[in-house]
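Heads up: the structure comes next, in structure tokens.
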There are 2 protein chains.
Amino acid sequence: MAAKKKDRKSDKRERILAAAITVFAKNGFYDTRVSEIAKAAGVADGTIYLYFKNKDDVLVSIFSERIEQLIDVLTRIADREDKTPEQKIRKVIELQLGVLEGQRDLAEVITVNLRQSSRLLKQYAAPLFTRYLEVMARIVADGQEQGAFRRDISPVFAARSLWGGLDGIALTWAIADPEPTQLRKAAQQYERLFLDGLTHGCTS
Amino acid sequence: MAAKKKDRKSDKRERILAAAITVFAKNGFYDTRVSEIAKAAGVADGTIYLYFKNKDDVLVSIFSERIEQLIDVLTRIADREDKTPEQKIRKVIELQLGVLEGQRDLAEVITVNLRQSSRLLKQYAAPLFTRYLEVMARIVADGQEQGAFRRDISPVFAARSLWGGLDGIALTWAIADPEPTQLRKAAQQYERLFLDGLTHGCTS
DNA sequence: GGATTCTGAATGACGATTCAGTTTGCTGCA
DNA sequence: TGCAGCAAACTGAATCGTCATTCAGAATCC
């Protein structure tokens, strides 16, 4: 039946993406041969071109599918009425680091490989990235209006440093520190550090 | 005389490096042709190979010369007896962002291009980067011993998030926000945010 | 006039992409 | 149930363009 055919198809696509994440993480986008991805996925070189326009498209697909998903979840967090701004920030931190825990390869692809092509970064990733930061900034701005966060910090800068801190933790974790538990520990510490800075002088 | 000869030589080397920073920033390492660097520097393609082993070596030289320099300055800051830990952290922030101010291209090369090759990042940059973070962590640890900083945050994590936040600010500035004054403003805000988080519960 | 520096066209390797051919799966028909 | 025939999915060796790098010769310096 039609469904079965489609199933096989998406299964193969998924295998290619999973293989690509592994080899991109190990060797980086530019040092990865298409034939290596094919070999890791157990398909022929040409098969990749049945599912993706070209090599760029493989990287873009990995990135876009994961980040879009992350933005959706983030937006839903920001919109919740029943959470305080602090709780929302905590959720954001746990989400971003938690999503990656146990997925070292994906973390590495997102933090490192994303920047591998300025072309891709500027043309494709920058708008997504901006949307991501905007949601974070909105949470901070809401918190300021409600009096939970200090007002002498621009929400935009707060969002940028929040993201940067998380990215830095993920990067150093990916290149240096294979302990998976470290990441959760890092999340907890970062929560304290960042939130205490942001609520400074406000009664929480 | 010998000095003059050497002068011309290093002048040409410097021109190549400066040209490389410009084109790497615009197009990224892998999307840059050696011939483009040569053209921008006003030399022949072959000349580049008189001063650098290969294309990788050009990128590595840019990175290493700047970061090594940064580590030296940082170490000197950390070792000063006449400064409080807070003052040292402030200096670090201003140094790292201040160094880049007015040098948008260099900022972009360091934050974006550095990550373009996992090979280069892991083999070459990781050790330098670790040294850099160690100096930062030492400042935090000293501050904790002196009672200036809270002790429930690991110096290593603090250093990672400090670096990450700065990197995030530099990255977003490089790809999004051409205002040079914004970077200094960002430095000030980040100082407040990070230091207030770090001194939380300590009398400063 | 010998050494040093520079030049840029020629070389050669590499690897993304293609496509002619093969395999697989499905359909309806006997 | 078996089978011819068609379509869709897959294969991987051959193609082809793209550069990084080289090097024979030119230019410059002392």
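Within every chain, numbering begins at 1; the chains are lettered A, B, ... in the order of the sequence lines, protein sequences first and strands thereafter.
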Would you please say whether a donor-acceptor pair under 3.5 Å links the side chains of A/Asp31 and B/Tyr30? yes
Flag for B/Gln96-B/Tyr132: side-chain donor and acceptor within less than 3.5 Å: yes
Rounded to the Å, how far apart are [X] [atom1] and [N] [atom2]?
{"X": "B/Asp11", "N": "C/dT5", "atom1": "CG", "atom2": "C1'", "answer": "14 Å"}
{"X": "A/Tyr49", "N": "C/dA20", "atom1": "OH", "atom2": "P", "answer": "18 Å"}
{"X": "A/Lys53", "N": "C/dT18", "atom1": "NZ", "atom2": "P", "answer": "11 Å"}
{"X": "B/Leu50", "N": "D/dT21", "atom1": "CG", "atom2": "P", "answer": "14 Å"}
{"X": "A/Arg15", "N": "D/dA9", "atom1": "CZ", "atom2": "P", "answer": "15 Å"}
{"X": "B/Tyr30", "N": "C/dG15", "atom1": "OH", "atom2": "P", "answer": "11 Å"}
{"X": "A/Glu36", "N": "D/dG12", "atom1": "CD", "atom2": "C1'", "answer": "16 Å"}
{"X": "A/Ile16", "N": "D/dC10", "atom1": "CD1", "atom2": "C1'", "answer": "11 Å"}

Is B/Asp79 salt-bridged to B/Arg138, going by a charged N under 4.0 Å from an acidic O? yes
Please state whether the phosphate of D/dC10, meaning OP1 or OP2, lies under 4.0 angstrom from any side-chain nitrogen or oxygen of A/Lys12. yes
Would you say B/Arg33 places a side-chain N or O within less than 4.0 Å of OP1 or OP2 belonging to D/dA20? yes
As a test of reading the structure: which of [options] is closest to the side chain of [X], going by heavy atoms?
{"X": "A/Val34", "options": "C/dA16, D/dC10, C/dG8", "value": "C/dA16"}
{"X": "B/Tyr51", "options": "D/dT11, C/dT5, C/dT7", "value": "C/dT5"}
{"X": "B/Asn54", "options": "C/dT18, D/dT21, C/dG8", "value": "D/dT21"}
{"X": "A/Asp45", "options": "D/dA13, D/dT11, C/dA9", "value": "D/dA13"}
{"X": "B/Lys55", "options": "C/dC6, D/dA20, C/dA16", "value": "D/dA20"}
{"X": "B/Ala44", "options": "C/dG8, D/dC10, D/dA20", "value": "C/dG8"}

Has the side chain of A/Lys88 got a donor or acceptor atom that lies under 3.5 Å from a matching backbone atom of A/Ile139? no
A/Thr47 or A/Ser35: which one's nearest nucleotide on DNA chain C is closer to the 5' end? A/Ser35
May I ask you to check whether over 12 heavy atoms, not counting those of A/Lys55, lie within 6.0 Å of atom NZ? yes
